[in-house]
Amino acid sequence: MNKTEQGKIILCTGRMAKEGWLLADGLKVYSVEELCYYVYQNIYGLEDGFFTRELSDWLEQECGMPETAEKLNWLLSEGYGTKDLTIALLCSADYYTEPEIKELLVRMNELEQLPPWKKRKRLADEYLHRGQYARAGNEYEKILAEYPLTEEERGNIMHNIGVVRMYTASSADAAESFYTAYKLWHHPESMKLCLLACHMGNCQEEYQRVQAEEGISQEFIQMTEEEWVESAEEADSSGQGKLLREILQGRRAGMVAESYEGLNGLLEVWKQEYRNALQSYGAIR
Amino acid sequence: MEEKLLVGLDLCWDYTQLTCYNAKTGEPESIGIRGSEEQYLIPTCLAVKRGSREWVFGEEAKRLIGTEDAIDAGDLLEKAEQGTETELYGVSFQPEDLLERYFRKVLLLLRQVYPNGRIASLVLSLEERDRAKGKILKERLEAALARLGIEPSRVQIQSHMASFLHYTVSQRRDLWQNDTALFEFGRNGLHYVQLSINRKEIPMIAGLEDRDFSAYLTQKQVREDPVTAGKIFQDVTEMAVYRKVLSTVYVVGRGFEGDWADEVLISLCARRRVFKGQNLYAKGACYAALHLTEWEEERVLLLGEDRTSAELSMQVYRDGGMQELTLIRPAILWQEAFGEWDFILDGETELALQIRDYMTKKREQHLIDLSALPPRPPRMTRIRMKLQYVDLHTCLIQVKDLGFGELMPAGGEGSAAFSPAGGRGNTAGGRIWEMTLEL
């Protein structure tokens, strides 16, 4: 969400519902503002049947918004699509500003022009950026299985599967996906991530084999090596890197129990970060 | 074509009066039960006929109560204040149930005159008898009307004095050039009320002075010895209006029925106009309904004992722009001064409350620091602000963190200890800020 330049207090519309509205992913919303947020953030995954008379009833009865319910019902009865219903909903509250709603409209217009596989890829990309890796991977696999794509398009999707695997599987698996992607669309970013994943997974044999098979230039290898060193130094000098060094030093000095305790703590932090990660690195839209 | 009706209802413990604004004449007109003798005074009575179980109201109910033909539903307003249940023909009725039935009967009278009418605004005028219970009564009256499809946004409940004010300012200017006086002789005794309006201010400021003369004269005395009562009333009027510059005197209440006070009232007519009648409050309520729809903002504020003099407001984003939101209006009885609002914080960590005191003319800003809220992205925090006067000069403000639904729950974030300035914290669910504002 864009941070506005100046803070403001938004007056809520309607009231908070006692009974929440259950969304497809098991989440419940309790106000029109939460519903607006969900719709705005999930524009690529919004299905045609999202807006229903039941949702209008909920807005009327639980949120005290009869006029909005009436408007949505009218749009539904006249056969208007998800785009118009979304805009009507967003305009019924002050959660999003007019420029934000207009920007969304542009995105929705663009979306309408996209071929079906690309719409699904946008959704999968959205999952990836939100850190919903399993969902993203699942969606990418389905796209590959269901649509006759060009090699370049398949390469793009396979690249993003590589990113998913970096988070959900081993570095070796990720490297393999990046390599497959590279062979399909010959994008240098895929090769770079393939080599970096090999480094990360300590897969020296694979690292050498890929370079040899594809005839990668020394200049490119040098550039990737530099990036690896830079990233490793950055990680090492970070607060967590320093902490890890101290723990390992303590262990060598015989503070075994304390070092295990420290490692467990650090692992817990990393696990949490992993769970909460909202951005993924390297995905290509 | 549907007509928008602006309705006034004077609801007293003994009688009810209904008025509706007539756009053609530009005046409220009384609406009553056709064919009855006292057609505009509707007894505030409700009863159920034995056998047929038909609900009856007004004159018919009054006539049947005490006979074998009907069961009395009792004092409707008293029961609403007390929350007393009523058992009729073996069925239990809440006060709202009875009020709903009574209002349905009364408001159906509008249909005789305006068959295609829809109530756009309804103002209920009540006696200021028991203010402590006023809030409960108001809630029950609103609930009963809501059951009839007249939701609270179309309803205003106000005192007789507020109706007097609206009636006065709706008259020709020369009738309220100077102060206006009111003699009221009803169930609550004999009262003299003087209304002073400062027209130089915007909005105009109105003040009330109330003098109780009930100890001097009672309705019983009037009935037993009207001649002596007239003399006593002469003394009362001299005491009340001595050295007062009045443009108009209104005389209301069933205590003035008959001609026992007419000579005194004629003598009052020197240098001022005198009007006697029973429908001032009902018409004042109707004018208030008109003002609700016509006035974009208050043009006259009634201040005085027990009425708030400050307006509490805040700049908020609504309808696509920044606007001033009035949180609590001025000139309302402090017991009824209450407001509840939900807001979304978009990069804000403090609330800037604007306080404008119409009595002292002071404007102040009061900041409520919410920096102890758990860090969340912009627009992912909903707060609920409650404002409640605890006495005439003190407003209690409560702000509760509601999080943002399941997307950002309010509890369990475990941020640093919280100590709001001048308040206390409560961490059940979302945090609560409480502070008192001295006005």
Side-chain angles (χ1 to χ4, degrees), chain A residues 1-42 58 60-67 87 90-102 130 272 276 278-279, chain B residues 146 149 151-154 313-327 339-354 367-371 373 375-385 399-410 413-414 429-430:
Chain A
M1 181 177 299
N2 296 329
K3 167 103 171 69
T4 46
E5 284 172 20
Q6 200 182 353
K8 63 178 188 290
I9 314 278
I10 302 167
L11 178 65
C12 293
T13 309
R15 59 169 183 263
M16 277 191 81
K18 285 189 180 121
E19 283 297 319
W21 178 255
L22 185 65
L23 300 163
D25 48 9
L27 193 75
K28 271 187 178 178
V29 288
Y30 290 87
S31 65
V32 69
E33 284 79 14
E34 289 169 42
L35 186 65
C36 286
Y37 173 84
Y38 179 85
V39 165
Y40 198 97
Q41 300 297 321
N42 290 278
W58 179 78
E60 181 176 354
Q61 287 153 21
E62 288 288 328
C63 299
M65 297 178 67
E67 286 168 15
I87 299 301
L90 296 180
C91 288
S92 72
D94 284 308
Y95 192 75
Y96 288 104
T97 61
E98 196 183 329
E100 285 171 323
I101 296 172
K102 282 182 176 168
R130 274 191 238 140
Q272 198 56 45
N276 295 342
L278 292 176
Q279 295 293 323
Chain B
E151 60 274 15
S153 61
R154 289 192 278 152
S313 64
M314 200 164 75
Q315 278 287 319
V316 300
Y317 183 82
R318 70 162 166 179
D319 299 333
M322 294 304 292
Q323 290 183 22
E324 184 91 1
L325 171 73
T326 301
L327 302 166
E340 186 176 292
W341 308 89
D342 279 12
F343 303 109
I344 301 278
L345 301 181
D346 183 8
E348 272 290 0
T349 53
E350 63 182 17
L351 305 174
L353 227 65
Q354 308 296 329
L367 296 175
I368 301 171
D369 180 20
L370 301 176
S371 56
L373 273 167
R376 300 188 192 120
R379 282 187 263 184
M380 297 293 270
T381 299
R382 185 185 183 110
I383 55 165
R384 178 160 298 157
M385 185 190 224
V399 179
K400 185 173 184 185
D401 172 23
L402 300 176
F404 199 61
E406 290 182 0
L407 295 158
M408 204 63 74
E413 273 126 336

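Sequence lines set the chain letters: A, B, ... in the order given, protein chains first and strands last, and positions in each chain run from 1.
The candidate with the highest count of non-hydrogen atom pairs below 4.5 Å against chain B, out of A/R15, A/E98, A/K28, is A/K28. The candidate with the highest count of non-hydrogen atom pairs below 4.5 Å against chain A, out of B/M314, B/Q315, B/R318, B/E406, is B/E406. In terms of heavy-atom pairs under 4.5 angstrom with chain B, the leader among A/L27, A/V29, A/D94 is A/D94.
When heavy atoms are compared at a cutoff of 4.5 Å, B/L325 approaches chain A solely by way of its side chain, counted from C-beta outward. Using a 4.5 Å cut-off between heavy atoms, B/I383 does not touch chain A at all. Neither the backbone nor the side chain of B/Q323 comes within less than 4.5 Å of any heavy atom in chain A.
Evaluation of the salt bridge (charged side-chain N to carboxylate O under 4.0 Å, His left out) rule for A/E33 yields B/R382 as partners, not counting sequence neighbours. Under the side chain to side chain contact (heavy atoms under 4.5 Å, CB included) criterion, B/E340 pairs with B/F338, B/R384, B/K386, not counting sequence neighbours.
Taking OG of B/S313 as the reference point, atom CG of B/L353 lies at 7.5 Å (rounded to 0.5 Å).
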Practice item. Report the C-alpha separation of B/R376 and B/D401 in whole Å, then their side-chain angles, then the decisive distance to 0.1 Å, and conclude whether the side-chain contact (heavy atoms from CB on, under 4.5 Å) test is met. Key: CA-CA 12 Å; B/R376 300 188 192 120; B/D401 172 23; 2.8 Å; yes
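The side-chain tip of B/R379 does not point at the ring of A/Y37 from less than 6.0 angstrom away and within 45° of straight on.
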